[in-house]
Amino acid sequence: MTKPIEVKQDAPIVINRTATKSYALQESAIVKWSLITISLLFLALFLILPLITIFVTALEKGWDTYVASITHPDALAAIKLTLTVVLIVVPLNTIFGVAAAWVITKFNFKGKNLLITLIDLPFAVSPVIAGLIFILLFGAQGLFGDWLFANDIKIVFALPGILLATIFVTFPFVARELIPLMQMQGVTEEEASISLGASGFKTFWLVTLPNIKWGLLYGIILCNARTIGEFGAVSVVSGHIRGLTNTMPLHIEILYNEYQFTAAFAVASLMSILAIITIIIKNIIEWKAKEV
Amino acid sequence: MELTLKKRNKKTIIPGFSLTLGYTMLYLSIIVILPLSMIFFNTFSMSWSEFYETISHPRAVASYKLTLGTSLGAGLINVVFGTIIAWVLIRYEFPGKKIVDGLVDLPFALPTAVAGIALATLYSPNGWVGQFFDFKIAYSPLGIIIALTFIGLPFVVRTVQPVLQNLSSEVEEASASLGANRIQTFTKVIFPELLPAMITGFSLAFARSLGEYGSIVFIAGNIPMKTEITPLIIMTKLEQYDYVGATAIATVMLIGSFLFLFIINIIQWVTNRKFNQH
């Protein structure tokens, strides 16, 4: 190619590029900005305004009322119960998630797809039904009702029932995050570690865990958020005993139904702050995972 | 290839198979299999006429229609706006985009009861938004649709987003260079690629909507025959200690959900096949 031709070709190509960009490869500025406006309006109506409502209503009657609402003995009892539930349910589901992901991704066996379906099942079951099934098992008229009554064990309308119902709703989260991740990573690194003489536990701790830590953390965060907020299932099994079996969401419900809106939104604002922190951590994890 | 893979796995040196499988199965049996089988066990103890009478009660039937209708409405709203939001977040740059992107996850993180009271307050007749409308939003089926739209939005956005992200620009360039305008490129090239993700997002949101309780009870008003959803019927029956009735309605809901998932799987199989042909 000679120089003059190159120069001649350069000019039209540049014009052509901008031309295609504006007409055939990208929408016009009007379309672009109307789509952005539609999106922002939609999100404002459905996400941003509700969030603002929570904090404005909570602080409507001043800071002192706000503090009084969240330090009320019933509120503190609800916060304590919710924390207890989180501290038991999240570790249990984490161990389950890791074990389930390990067996599903590291081995081939019959019935694997059935196992995966079972893990996904809670997503297709209403939380209200999740509560109902434990009433049918452990309630007064339930399968084990008489035996539990005779031995003076309380499951339904007490902490164990709340734990079981919450576990049912939240156990898939960790497993669901880990299974695709561990599937992608395969088994070669673990095999290398084992054949070099490391124990199974050591292999998991030093080889698998560093590989899956961000996915694991992500699953735990999601599981944690759902555990804190679970309402339908817990509502069925808790019995709504104030100061005893009321979790934070149930406490909010009672306050709201008693028209104590400020107090209800005060507790709700605490949970919203937790939700926002969850989203921030989630974004940090995604950002870290991309770096790796 | 498949044979060697299986052979290798049979002789796997990785330990922990029986331990992890045993633990997984034990956990699933206690938490899922045994409790869920109680539903069917209790239903079989009912006579057919008793069962049929409970599930075909006008109040129950009205609740099925309401639950299905509002879930469908919210699902369709989310498919349209969720796809637009995903498009905007992937394709355009604008100030505050990162925050908007993070905010989409709010319905996953915010407790449903909190969302419920916030939406009910916002859309009630004297709420910030509700006051501008001379018809009821909260305490009507419209309120239920709003709550379900809130709950389902991230399902659609988060399913469509990665597909849009991975769409290669070459296809669009090819379409444009062959003379297609932007609308043609979208409807003939981009949309078919997005459709499976849109269906998945819709079905995830819809499945979640069918069973949703927490966000709806506050905004629905819960008027029998008008704004009473099916999970609430179960709840009411439980409060009246009518465990048999509650179980019967739960059976209908479970079968409905499973049927829906089955249909969606078939639809996805068909769309995947249709679009993978060329």
Side-chain angles (χ1 to χ4, degrees), chain A residues 20 24-25 27 32 35-36 38-39 42-43 46-47 49-50 53-54 57 96 99-100 102-103 106-108 118 121 123-129 132-134 136-137 141 143 167-168 171 187 190-191 194-195 200 225 228-229 231-232 236 249 252-253 256 264 268 271-272 275 278-279 282-283, chain B residues 6 9 12-17 20-21 23-24 27-28 31-32 35-36 38-39 42 81 84-85 87-88 92 94 100 102-103 105-106 109-115 117-119 121-122 128-129 149-150 153 172-173 176 181-182 207 211 213-214 231 234-235 238 243 246 250 253 257-258 261:
Chain A
T20 20
L25 273 179
E27 300 76 47
K32 174 183 164 181
L35 287 178
I36 292 176
I38 291 169
S39 299
F42 188 83
L43 292 171
F46 284 93
L47 302 182
L49 279 177
T53 306
I54 295 166
T57 321
F96 166 78
W102 182 270
V103 77
K106 304 292 178 202
F107 304 100
N108 262 333
L118 273 176
L121 205 60
F123 288 130
V125 174
S126 170
V128 173
I129 296 178
L132 168 71
I133 53 180
F134 291 103
L136 294 178
L137 266 183
Q141 299 171 29
L143 191 64
I167 289 175
F168 180 93
F171 81 80
V187 291
E190 280 82 5
E191 278 175 344
I194 298 280
S195 57
I228 292 172
F231 177 72
V236 174
I252 292 173
E253 182 197 20
Y256 187 84
M271 305 195 82
S272 310
T278 302
I279 293 175
K282 184 193 160 250
N283 278 291
Chain B
K6 270 196 179 145
N9 264 301
T12 183
I13 52 164
I14 294 176
F17 177 68
T20 47
L21 184 68
Y23 183 72
T24 306
Y27 203 85
L28 283 175
I31 299 294
V32 183
L36 258 188
M38 286 306 290
I39 296 273
N42 275 37
F81 288 95
I84 293 177
I85 291 167
W87 178 273
V88 164
Y92 304 143
F94 56 93
V100 172
L103 210 64
D105 284 319
L106 187 70
L110 197 70
T112 51
V114 174
I117 62 170
L119 291 169
T121 307
L122 193 59
W128 290 350
V129 178
T149 307
F150 174 89
L153 180 70
E172 280 171 62
E173 277 161 23
N181 63 30
R182 192 62 188 153
Y213 173 77
I234 297 178
M235 208 66 173
L238 278 174
Y243 293 147
M253 275 191 77
S257 298
F258 295 155
L261 289 180

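Numbers restart at 1 for each chain; the letters A, B, ... are given by sequence-line order, proteins then strands. Note that this is a predicted model, so its numbers are computed, not measured.
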Rounded to the nearest 0.5 Å, what's the gap from CG on B:Leu122 to OG1 on A:Thr53? Could you check? 4.0 Å
Side chain, backbone, both or neither: which part of A:Leu136 has an atom under 4.5 Å from a heavy atom of chain B? both
Taking B:Ile85, B:Ile117, B:Leu110 one by one, which has the highest count of heavy-atom pairs under 4.5 Å against chain A? B:Ile117
Per-residue contact mode, A:Phe168 against chain B (heavy atom under 4.5 angstrom): both
Using a strict cut-off of less than 4.0 Å between a Lys/Arg side-chain nitrogen and an Asp/Glu carboxylate oxygen, indicate whether A:Glu27 and B:Arg182 qualify as a salt bridge. yes
Where does the angle between the aromatic ring planes of B:Phe81 and A:Phe42 fall among parallel (under 30°), tilted (30 to 60°) and perpendicular (over 60°)? parallel
Once you measure the plane-to-plane angle for A:Phe96 and B:Tyr23, does it fall in the parallel (<30°), tilted (30-60°) or perpendicular (>60°) bin? tilted
B:Val129 portion near chain A, given a 4.5 angstrom heavy-atom threshold: side chain
Segment of A:Ile252 engaging chain B (4.5 angstrom heavy-atom cut-off): side chain
Measuring heavy-atom distances to chain A, does B:Ile39 have an atom under 4.5 Å in its side chain, in its backbone, in both, or in neither? both
Using heavy-atom distances under 4.5 Å, tell me whether A:Leu49 contacts chain B through its side chain, its backbone, both, or neither. both
Options B:Gly102, B:Ala118, B:Pro35, ranked by heavy-atom pairs under 4.5 Å with chain A, top entry: B:Pro35
With rounding to the nearest 0.5 angstrom, report the OH to CE distance, B:Tyr243 to B:Met38. 12.0 Å
Any chance you could measure B:Leu119, atom CG, to A:Phe46, atom CZ, to the nearest 0.5 Å? 8.5 Å
Side chain / backbone / both / neither for B:Ile31 at chain A, heavy atoms under 4.5 Å: both
Heavy-atom closest pair, residues B:Gly16 and B:Thr20: O-OG1, 2.6 Å
Heavy-atom proximity to chain B below 4.5 Å, by part of A:Thr278: side chain
Top of A:Ala99, A:Ser272, A:Ala124, A:Ala100 for chain B proximity - count of heavy-atom pairs under 4.5 angstrom: A:Ala99
Locate the shortest heavy-atom distance separating A:Leu132 from A:Val236; write the atom from each residue and the value. N-CG1, 3.8 Å
Chain B interface, residue from A:Ala264, A:Pro127, A:Ser195, A:Pro50 that has the most non-hydrogen pairs under 4.5 Å: A:Pro50
Interface residue of largest heavy-atom contact number with chain A, from B:Phe94, B:Phe258, B:Trp128, under 4.5 Å: B:Trp128
Let me know if B:Asp105 has heavy atoms under 4.5 Å from chain A in its side chain, its backbone, both or neither. both
Assess the residue pair B:Ile14 and A:Trp102 against the criterion (side-chain contact (heavy atoms from CB on, under 4.5 Å)); give the C-alpha distance rounded to whole Å, side-chain angles, the decisive distance to 0.1 Å, and a yes or no. CA-CA 10 Å; B:Ile14 294 176; A:Trp102 182 270; 3.4 Å; yes
